[in-house]
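Structure, as structure tokens:
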Amino acid sequence: MIDPSVLAENPERVKQHLRKRHAAQDTFALVDRAVELASTRRAAIAERDRLRAQRNTLSKDIGDAMKAGNAAAADAMKTAVGEGKVRIDALETELTSVEAALAEIALGLPNLVHDDVPDGKHESDNPVVRTWGTPRRMSGDSHVEIGARLGGLDLERAAKLSGARFAVLLGDVARLERALINWFLDVHTNENGYTEVLVPYVVQRHCAVGTGQLPKFEKDMFRLAEPLNGADAFLVPTAEVPVTNLHREEILDEASLPIRYAAFTPCFRSEAGSAGRDVRGIIRQHQFHKVELVWTTTPERANEDHLALRRHAETLLERLDLPYRTVLHCGGELSFGATRCFDLEVWLPSQGGYREISSVSWFGDFQARRMSLRYRAGEGARKGKVAFAHTLNGSGLAVGRTLVAILENHVRDDGSVSIPAPLQPYMGGRDHIAARLT
RNA sequence: GGAGAGAUGGCCGAGUGGUCGAAGGCGGUAGACUCGAAAUCUACUGUACGUCAUGCGUACCCAGGGUUCGAAUCCCUGUCUCUCCGCCA
């Protein structure tokens, strides 16, 4: 959520950011509507509070009059309070609907855009900010064929269980997936200072509102048919949702920041808008695994923290010897809640191009406002003041896509696949997975 | 699934209709004392919204309703936590 006072007092600035995002036309009208609603809201609050102050004074006087035995005076004042109450009730009814309408708009507006974000509308407008490694294979079999030859990937049987966009992994390929999870977590906790956290995979609606998936993108998530503990609930689309919400509605000490979590979770996505894209293989699945890195930090630190987080993800690809590039999202590509975002794209020979394997986002205080995640400044001019924290997250990494990249980049001529050195300890010390003889 | 107890400020804990944003203690901050520290003493120590802003007003004692001139306090509903029994991984 963007700052409501900026929305109310500086709508032109908000629209400028919307233009940079190439937002839909009707979004601009919503900004104007919000300005009207905010003004109505302020007027209603002012009148209601004035009447309540009057009531509170009178109530005291009534008590005094009754103690003094002056029933007639008390009754007269009771009548006056009663009249005020009718108006107060009307104003509160009005406020409830005005604030609901305002919240609906505010929760549906995307974040403001960081100055670093370049103009542009499409993926092709994202500038490349880093390239690492040289692709050895420029084309060839996809992970589907390679995985099948290893006896480790069975999409047909997965379809018997769950339909399209699911996979069954077997043998050493399944173990390689598990090795990646363990290695990612070990690197982040042992070398990068993250705290490992294991969280629920089902969350109630308010959490997904907090991180920004809701209310706008409900179609992308799996919603449970039955209420969970009395509330609407969803399978997590990413660990970002439960982990960022861990400290919702808290006021953290600045000394405890940044808080950095590394979380492994399965991720569930309905991908409703993706019909026809990546139908083959395991690039786009309804269920996949991801290790996610989530930071809660201060506005002062956030810029450098965002770059540090990006390096934590990039380094993994380098150690796995997987060529990749890093792009900076242009305005039109920037996701709803992000103020600045880097995508890491790994080289996939079968596609002859780079594919997203990690998205490293800085949200400013956008998510923090939605979940009331705040901190108290410890030092400096603002000492003792409470402010919204900044949140960041990035994949470190998407496990399934890393597996695909390893299969496709490290396959050998005989159909076997080399295991990158860091993963070998997790694979019984072996340096390759052999192809089956058939 | 059955039975019971509870939810108050950073923490502990008092408060059963008005003088309660809330006693007291702990913790924290500042000052005094001290060469310094400890101990001691003094003061301060919530969040949000509104505003004709070094001030004033309003709301918040789990949440939502209700009773009342007036609710932390009374009533209803819900949520969560704890204890015991049952079941289960």
Side-chain angles (χ1 to χ4, degrees), chain A residues 1-9 34-103 106-107 198 200-207 209-210 224 226-233 242 245-257 259 296 365 368-389:
Chain A
M1 198 163 67
I2 60 176
D3 185 343
S5 67
V6 171
L7 181 56
E9 290 159 25
V35 172
E36 290 171 28
L37 287 166
S39 150
T40 306
R41 172 181 170 275
R42 277 197 307 273
I45 287 175
E47 187 183 353
R48 181 201 60 182
D49 283 359
R50 189 176 56 73
L51 289 169
R52 287 214 282 223
Q54 206 173 72
R55 181 199 64 190
N56 290 345
T57 311
L58 279 172
S59 287
K60 263 178 199 152
D61 293 345
I62 290 170
D64 293 343
M66 290 174 76
K67 273 179 207 158
N70 193 346
D75 285 344
M77 287 188 283
K78 283 185 190 180
T79 308
V81 171
E83 283 163 9
K85 188 176 183 171
V86 173
R87 180 61 182 153
I88 289 175
D89 287 347
L91 286 165
E92 287 190 333
T93 304
E94 182 190 6
L95 264 175
T96 301
S97 67
V98 167
E99 290 190 328
L102 200 50
L107 289 173
L198 205 58
Y201 305 146
V202 190
V203 294
Q204 294 183 336
R205 175 176 289 275
H206 64 270
C207 286
V209 172
L224 300 199
E226 296 299 324
L228 175 72
N229 288 319
D232 246 3
N245 277 283
L246 273 178
H247 297 290
R248 62 176 293 125
E249 291 152 48
E250 291 183 28
I251 300 176
L252 304 163
D253 286 332
E254 182 171 0
S256 70
L257 302 178
I259 296 174
T296 301
D365 63 12
R369 282 181 187 281
R370 297 166 81 101
M371 62 179 75
S372 193
L373 169 58
R374 294 170 295 173
Y375 75 100
R376 189 182 307 280
E379 290 302 329
R382 298 192 54 265
K383 179 171 174 156
K385 296 286 185 200
V386 174
F388 288 107

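Letters A, B, ... are given to chains in the order of the sequence lines, protein chains preceding strands, and every chain is numbered from 1. Just the heavy atoms: all of them, side chains too, but no hydrogens, waters or symmetry mates, feed the values below.
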Query raised in the report: With D49(A), which residues qualify under side chain to side chain donor-acceptor pair (under 3.5 Å), at least two apart?
Result: none
Query raised in the report: Using the P atom in both, what is the distance from U16(B) to U73(B), to the nearest Å?
Result: 12 Å
Query raised in the report: Who pairs with V202(A) by side-chain contact (heavy atoms from CB on, under 4.5 Å), at least two apart in sequence or on another chain?
Result: L224(A), L228(A), A233(A), L235(A)
Report task. Please confirm whether the backbone N or O of V35(A) pairs with a side-chain atom of S39(A), one donor and one acceptor, at under 3.5 Å? Result -> no
Query raised in the report: Taking only Watson-Crick and G-U wobble pairs with both distances under 3.5 Å, what dot-bracket line describes RNA chain B, where [ ] shows pairs that cross earlier ones and | shows pairs with another strand?
Result: ((((((((.[[[..)..(.....]]]((((((.......))))))((((((...)))))).[[[[[..)....]]]]])))))))....
**Report entry** S372(A): partners by side-chain contact (heavy atoms from CB on, under 4.5 Å), with sequence neighbours left out
**Finding:** E249(A), R374(A)
Report summary line: What one should report as the nearest heavy-atom pair of Y375(A) and F388(A) is CE2-O, 3.5 Å
Report task. State, to 0.1 Å, how close L58(A) and A80(A) come at their nearest heavy-atom pair, and which atoms those are. Result -> CD1-CB, 4.1 Å
Query raised in the report: Does any N or O in the side chain of D3(A) come within less than 3.5 Å of the main-chain N or O of S5(A), such that one atom is a donor and the other an acceptor?
Result: yes
**Report entry** side-chain hydrogen bond (donor to acceptor under 3.5 Å, both in side chains) contacts touching residues 86-102 of chain A (sequence neighbours left out)
**Finding:** R41(A)-E99(A), E47(A)-R87(A), R52(A)-E92(A)
Query raised in the report: Which parts of residues 45-56 of chain A get close to RNA chain B, meaning a heavy atom less than 4.0 angstrom away?
Result: I45(A), A46(A), D49(A), R52(A), A53(A), R55(A), N56(A)
Report task. Tell me, please, which residues at least two apart from A43(A) pass side-chain contact (heavy atoms from CB on, under 4.5 Å). Result -> none
Report task. For RNA chain B, note the earliest and the latest nucleotide, 5' to 3', having some atom under 4.0 Å of a heavy atom belonging to chain A. Result -> G18(B) to C80(B)
Query raised in the report: For atom P, what is the distance between C84(B) and U77(B), given to the nearest Å?
Result: 27 Å
Report summary line: Between G84(A) and L51(A) the two heavy atoms that sit nearest each other are O-CD1, 4.4 Å
Query raised in the report: Distance between the P atoms of G18(B) and A72(B), in whole angstroms?
Result: 10 Å
**Report entry** 5′-ward residue of the pair K385(A)/Q204(A) relative to RNA chain B
**Finding:** K385(A)
**Report entry** Any residue meeting side-chain contact (heavy atoms from CB on, under 4.5 Å) with L107(A), in chain and number order, not counting sequence neighbours
**Finding:** M1(A), V209(A), P215(A), R370(A)
Query raised in the report: Can you name the salt bridge (charged side-chain N to carboxylate O under 4.0 Å, His left out) partners of R205(A), sequence neighbours left out?
Result: E218(A), D232(A)
**Report entry** Residues forming a salt bridge (charged side-chain N to carboxylate O under 4.0 Å, His left out) with E36(A), sequence neighbours excluded
**Finding:** R33(A)
Report summary line: Contacts of M77(A) and V386(A) projected onto RNA chain B by closest heavy atom; the upstream (5') one is V386(A)
Query raised in the report: Which part of the nucleic acid, if any, lies within contact of N229(A), taking any heavy atom under 4.0 Å across all strands shown: a base, the sugar-phosphate backbone alone, or nothing?
Result: sugar-phosphate
Query raised in the report: So which of residues 82-98 of chain A are in contact with RNA chain B, with a heavy-atom cut-off of under 4.0 Å?
Result: K85(A)
Report task. Pick the P atom in G13(B) and in A30(B), then give their distance to the nearest Å. Result -> 29 Å
Report task. List the atom of C207(A), the atom of R248(A), and the distance in Å for their closest heavy-atom pair. Result -> CA-NH1, 3.9 Å
Report task. Write down the distance separating the C1' atoms in C82(B) and A37(B), rounded off to the nearest Å. Result -> 43 Å
Query - C1' spacing across the pair A5(B) / U42(B), given as an integer number of angstrom - result: 42 Å
**Report entry** Pairwise P distance for G1(B) and G78(B), with rounding to whole Å
**Finding:** 14 Å
Query - Spacing of the P atoms in C26(B) and C44(B) (rounded, Å) - result: 16 Å
